[in-house]
Amino acid sequence: MDEYLTEKTPQKIFVESGFNEEVIGIKQMEQQSACSWKKAYEKNGLCGLTDIRKKEPGRTLKRELTPSEVIERQNARIKHLDGKVELLKKLESKERRLLNTRENLCPSKAYQLIQETIELEGFKRMARYFCDLLEVSRSAYYSYFKYSTTREAREQLLFENERSHLRTI
């Protein structure tokens, strides 16, 4: 801050401190940093320039964890891993079921099977995996459900036309 107050530019301060001005950007150095430094200094003096965050980004806590905190973190990790194992078990059984039913399956039935599996088992964001597994196009899978109402209306209209045609015969 002393250098900034003696008319040294923020760009020069950054470069002398070893920062790459191309990475940070000259505009960022000049406007954002200088403005925030100045506001913090005017508001709280040198104390305004100190980092008051409990945890700095990308760095670990400087204090030792208490035994209860260690246990809490380990329990959370165990719960997370147990969830992953359960998901993998479900996925494996569903995978076998899908592969067994894949033979003689038309694409629309495959899409419905994939959708059913995702909804029933809660496999979010797994459409790509299941489409690859059943060897169907992912874009066709999404299109199938995007235009399902249009397709159903068209099929209903065809069915009604066919039905009325049969009545006339």
**Complete:** Of all heavy-atom pairs linking Ser137 and Cys131, the shortest is O-SG, 4.3 Å
**Fill in**
Rounding to 0.5 Å, atoms CD1 (Ile114) and NZ (Lys109) come to a distance of 13.5 Å
**Fill in**
In this structure, CZ of Arg128 is separated from OH of Tyr142 (nearest 0.5 Å) by 8.5 Å
**Message:** Nearest 0.5 Å, please: how far is CZ in Arg73 from CD1 in Ile78?
**Reply:** 14.5 Å
**Asked** Have Glu160 and Gln156 got a donor and an acceptor in their side chains that come within less than 3.5 Å?
**Response** yes
**Message:** How long is the straight-line distance from CG of Leu158 back to CZ of Arg154, given to the nearest 0.5 Å?
**Reply:** 8.0 Å
**Item:** Glu72, CD: over 12 other non-hydrogen atoms inside 6.0 angstrom
**Value:** no
**Asked** Can a cation-pi geometry be assigned to Arg151 and Tyr144, taking NZ or CZ under 6.0 Å from the six-membered ring centre and within 45° of the ring axis?
**Response** yes
**Message:** Would a single hydrophobic cluster contain both Ile71 and Leu65, if residues Ile, Leu, Val, Met, Phe, Trp and Tyr are joined by side-chain heavy-atom contacts under 4.5 Å?
**Reply:** no
**Asked** Linking I/L/V/M/F/W/Y whenever any side-chain heavy atoms sit under 4.5 Å apart, do Tyr147 and Phe145 land together?
**Response** no
**Item:** Spacing of CG belonging to Leu113 relative to OG belonging to Ser108, to within rounding of 0.5 Å
**Value:** 11.0 Å
**Asked** Taking the side chain from Ser143 and the backbone from Ala140, do they hold a donor-acceptor pair closer than 3.5 Å?
**Response** no
